[in-house]
Amino acid sequence: MCECVLCSFVSLFLSCPHINTTQTLCFFFFSFAFFYYNARFLTSYIGYLSPSLMESLPMTTKYLSCKSASSSSSSAVLAKFNHFRVIGQVGFAPLRRRRSGRGCLRLRASVSGDTIGGSQDGPSAVEDETEKKGLILGTERDGSGSVIGFHLIPQSGEVEVSGVNDSFKDITTNSVEEAVDIEGEEKAQTRVTHNIVFVTAEAAPYSKTGGLGDVCGSLPIALAARGHRVMVVSPRYLNGTPADKNFASAVDLDCCIKIYCFEGVQEVGFFHEYRAGVDWVFVDHPSYHRPGNPYGDKHGAFGDNQFRFTLLGHAACEAPLVLPLGGFTYGEKCLFLVNDWHASLVPVLLAGKYRPYGVYKDARSILVIHNLSHQGVEPAVTYKNLGLPPEWYEAVEWVFPTWARAHALDTGQAVNLLKGAIVTADRLLTVSQGYAWEITTVEGGYGLHGLLSSRKSVLNGITNGIDVAEWDPSSDEHIACNYSVENLRDKVQCKIDLQKELGLPIRPDCPMIGFIGRLDYQKGIDLIRLAMPEIMEDDVQFVMLGSGNPQYEDWMRETESVYKDKFRGWVGFNVPISHKITAGCDILLMPSRFEPCGLNQLYAMRYGTVPVVHDTGGLKDTVKNFNPYAQEGSGDGTGWAFSPLTKESMLVALKNAALTYRDHKSSWEGLMKRGMQRNCTWENAAIQYEQVFEWACFDPPYVN
Ligand SMILES: Nc1ncnc2c1ncn2[C@@H]1O[C@H](COP(=O)(O)OP(=O)(O)O[C@H]2O[C@H](CO)[C@@H](O)[C@H](O)[C@H]2O)[C@@H](O)[C@H]1O
């Protein structure tokens, strides 16, 4: 209906004898703008109304992209006007490709066709005009992001922008015209790119103690590859070990800022490395230079972590304003992705420190919860240290229930940084849908379930992806023999190599069980300990890699001396060994008490190692229980997900896995193959993050 009206309107307009070329151009620009913005509004609104749409996001969507003719210079012009750069929008994008299709694209095709007298295949007058002149069309916006006009901008190479380094060039040439193939139909896709600022305590390969490092090392790259301008702000940890060289390529930006907190002034610097399309920014301060890991050393957590991560929060808020990365700052209109409590001060600062002065009015913040059990809780008297105005105390105020107080005079008053982010961030995300629900329950909410439930309408879960280049059995440099789903037989060479390395009897047919992870209550390590004597009764080998609670480290050493021919415990943090275990084992055990997503089961499946997991959180979402009778007897599922979390049910699952491994070879092969063929790329997750960005930007800031 709409299109008929449009076509008639276009025909009428073009049949008018007094219309010249310039007027024709103007007509098209404004018509396209009108339809584009209406379509975008509707899309956003539908998304806003249905957060549950996340569950049906188009995972099978195939994005076809081509480098457009948009140049550094042209995008520089665009960036000047809109920090949320629009790429590939019909009518404004470089008019290079034509397709037949529906929706916006058909709108353009029909207009082009009319322009040239009905043919949809020949070049349109608009295209001719713009391409001849080497021009593409850009939008101009006002301060609120609304389009107020259009301008012609030169194509690639025509204008040199001085002082633009590779970082910016790469970003600007990333303006792409997107085509989305949904259900066999080619559709034009309007995609908005953002200036994204990740704030995180760790980012691999620079720093990593667990899954947070993996995610913040990979997701920014996946988003940058999709055209966003992405910065990751994280501390520059130096601990006097070879790990310090991870920061060797980062250069000092020679930009010091003063941070007013902890009743004094702190000076922090910034280091920068542009890698894989991402601006990696490292906050430099003496408190990040000490032995140990990012959070503590052998004596436990550092006592000044609140101070160290307060600095991170403040520095991350300043970075987009003051760092001319690639010659241009990110500016105020950015999207902060703040990860866990260490970065949770950021949304509170945006609301309490910046917006009252008109800064960051158009920014948005998304809190990504990787682990709710750590919340950054400190005594209430420390509030004055955070660098927030006094009237913002309530945002981070936290009162412990009576039963959790130390003594009769304890009022339970505290500050809770994660809580501060929950009540001020524009949207909330967790790393799986299962966990997004669990944290709204009394059992999984760690005291925050009430608040989280109250923000349910902006709470979503997106399952983590994995770095499929780093975790690829067909090219992994850490393992003895590469293999793939077409060549599964060579996997056993990895087992033999692992047995040799660990000094275990070389027994290729013996089921080998592995565990990798922090030795922590969360990971159900107590259950493994409890069940170990019974596990060892079976004809299996067991290898554990982990560090953390010294009590469990000692237990691993003792167990090794009791079961010399069957058990090995590797105490420490060792990435190459984690790859060897993932490839060499047949079964990976993860009896996590709770698991927001879990990465090791994803790595295991990719390596044909069958996971046996507790049916919770992200483990429940990603491991499909084995059903030998499904698919007309050929079986279904990728592992075992046991419940409840008891020694007995874990032992049953392990026994079933070992039995299937020994006696049902073809079923086992099916389990391996289905796991290896799962799609677990970061691109999948990045597409879902983009949907959440859109919802975040559609609403006004949650706290003004
Ligand atoms: N001793 C060791 N040596 C070498 N490598 C080791 C190791 N111990 C752990 N690792 C590695 O650290 C990562 C741990 O990943 P998890 O998802 O289990 O993380 P974690 O519980 O830290 O993270 C939190 O954040 C992540 C990311 O969102 C969520 O998946 C997870 O559920 C949540 O608890 C894996 O890459 C693993 O191989």
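Each ligand, and each atom within it, is numbered from 1 in the order the structure gives.
- With ligand atoms numbered from 1 in the order given, ligand 1 contributes 27 (C), 28 (O), 30 (O) to contacts under 4.0 Å with heavy atoms of Asn464.
- Near Gly546, meaning under 4.0 Å from any of its heavy atoms, are these atoms of ligand 1: 1 (N).
- Here's the thing with Thr209: none of its N/O atoms is less than 3.5 angstrom from an N/O atom of ligand 1.
- Taking every non-hydrogen atom of Val215 and a distance limit under 4.0 Å, the qualifying atoms of ligand 1 come out as 27 (C), 28 (O).
- Taking all atoms of both residues into account, the shortest heavy-atom contact from Val623 to Trp640 is CG1-N, 4.1 Å.
- In this structure, Arg455 is positioned above the aromatic face of Tyr702, its NZ or CZ under 6.0 Å from the six-membered ring centre and within 45° of the axis.
- Contacts of Ile577 with ligand 1, taken as heavy-atom pairs under 4.0 Å, are absent altogether.
- Listed by number with element, the atoms of ligand 1 under 4.0 Å from a non-hydrogen atom of Pro596 are 32 (O), 33 (C), 34 (O).
- The option with the heavy atom closest to atom 21 (O) of ligand 1, from among Arg518, Met590, His579, is Arg518.
- In this structure, Arg290 pairs ionically with Asp304, as a charged nitrogen and a carboxylate oxygen lie closer than 4.0 Å.
- Residues Phe302 and Phe307 keep their aromatic ring centres 6.0 Å or farther apart.
- Given atom 12 (O) of ligand 1, the protein heavy atom at minimum distance is Gly210 CA, 3.4 Å.
- Of the polar atoms of Gly572, at least one N or O is found under 3.5 Å from an N or O of ligand 1, judged by distance alone.
- Using a 4.0 Å cut-off between a side-chain N of Lys or Arg and a carboxylate O of Asp or Glu, Glu595 and Lys620 do not qualify as a salt bridge.
- For ligand 1, the atoms closer than 4.0 angstrom to any heavy atom of Asn600 are 18 (O), 35 (C), 37 (C), 38 (O).
- Here the protein heavy atom with the shortest distance to atom 14 (C) of ligand 1 is Gly211 N, 3.3 Å.
- Inclusion of Val431 in the set of residues having an N or O under 3.5 Å from an N or O of ligand 1 is not warranted.
- By the 4.0 Å N-to-carboxylate-O rule, Asp554 lies close enough to Arg557 to be salt-bridged with it.
- When hydrogens are left out, the protein atom nearest atom 31 (C) of ligand 1 is Glu595 OE2, 3.2 Å; that is the closest non-hydrogen contact.
- The aromatic rings of His228 and His194 sit parallel, their planes meeting at an angle under 30°, below the 60° perpendicular limit.
- The distance criterion of under 3.5 Å between nitrogen or oxygen atoms is not met by Leu545 with respect to ligand 1.
- The existence of a salt bridge linking Asp586 and Lys491 is excluded, since no basic side-chain nitrogen approaches an acidic carboxylate oxygen closer than 4.0 Å.
- In this structure, atom 35 (C) of ligand 1 lies nearest to the protein heavy atom Asp214 OD2, 3.5 Å.
- The cationic atom of Arg593 (NZ for Lys, CZ for Arg) lies less than 6.0 Å from the six-membered ring centre of Tyr521 and within 45° of the ring axis.
- Closest to atom 17 (O) of ligand 1, if we only count protein heavy atoms, is Leu599 N, 3.0 Å.
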* To do: Test Thr441 against Trp437 for side chain to side chain donor-acceptor pair (under 3.5 Å), laying out the working first.
  => CA-CA 7 Å; Thr441 66; Trp437 172 77; over 6 Å; no
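- Residue Gly618 places no heavy atom under 4.0 Å from ligand 1.
- Considering only non-hydrogen protein atoms, atom 34 (O) of ligand 1 sits nearest to Gln522 NE2, 2.9 Å.
- Residue contacts with ligand 1 do not include Phe594, since none of its heavy atoms lies under 4.0 Å from the ligand.
- Among Lys523, Glu202, His370, the residue whose heavy atom lies nearest to atom 16 (P) of ligand 1 is Lys523.
- Among all non-hydrogen protein atoms, the one lying nearest atom 3 (N) of ligand 1 is Asn574 N, 3.0 Å.
- Other residues, nucleotides and ligands contribute at most 12 non-hydrogen atoms within 6.0 Å of the NZ atom of Lys624.
- The closest protein non-hydrogen atom to atom 2 (C) of ligand 1 is Phe573 CD1, 3.4 Å.
- Note that CG of Leu545 is 11.0 Å distant from NE2 of His579, once rounded to the nearest 0.5 Å.
- With ligand atoms numbered from 1 in the order given, ligand 1 contributes 17 (O), 29 (C), 30 (O), 31 (C), 32 (O) to contacts under 4.0 Å with heavy atoms of Gly598.
- Pro235 approaches Phe282 most closely through the heavy-atom pair O-CD2, 4.0 Å.
- With Tyr607 as the fixed residue, the side chain to side chain donor-acceptor pair (under 3.5 Å) test singles out one of Asp472, Thr582, Asp476: Asp476.
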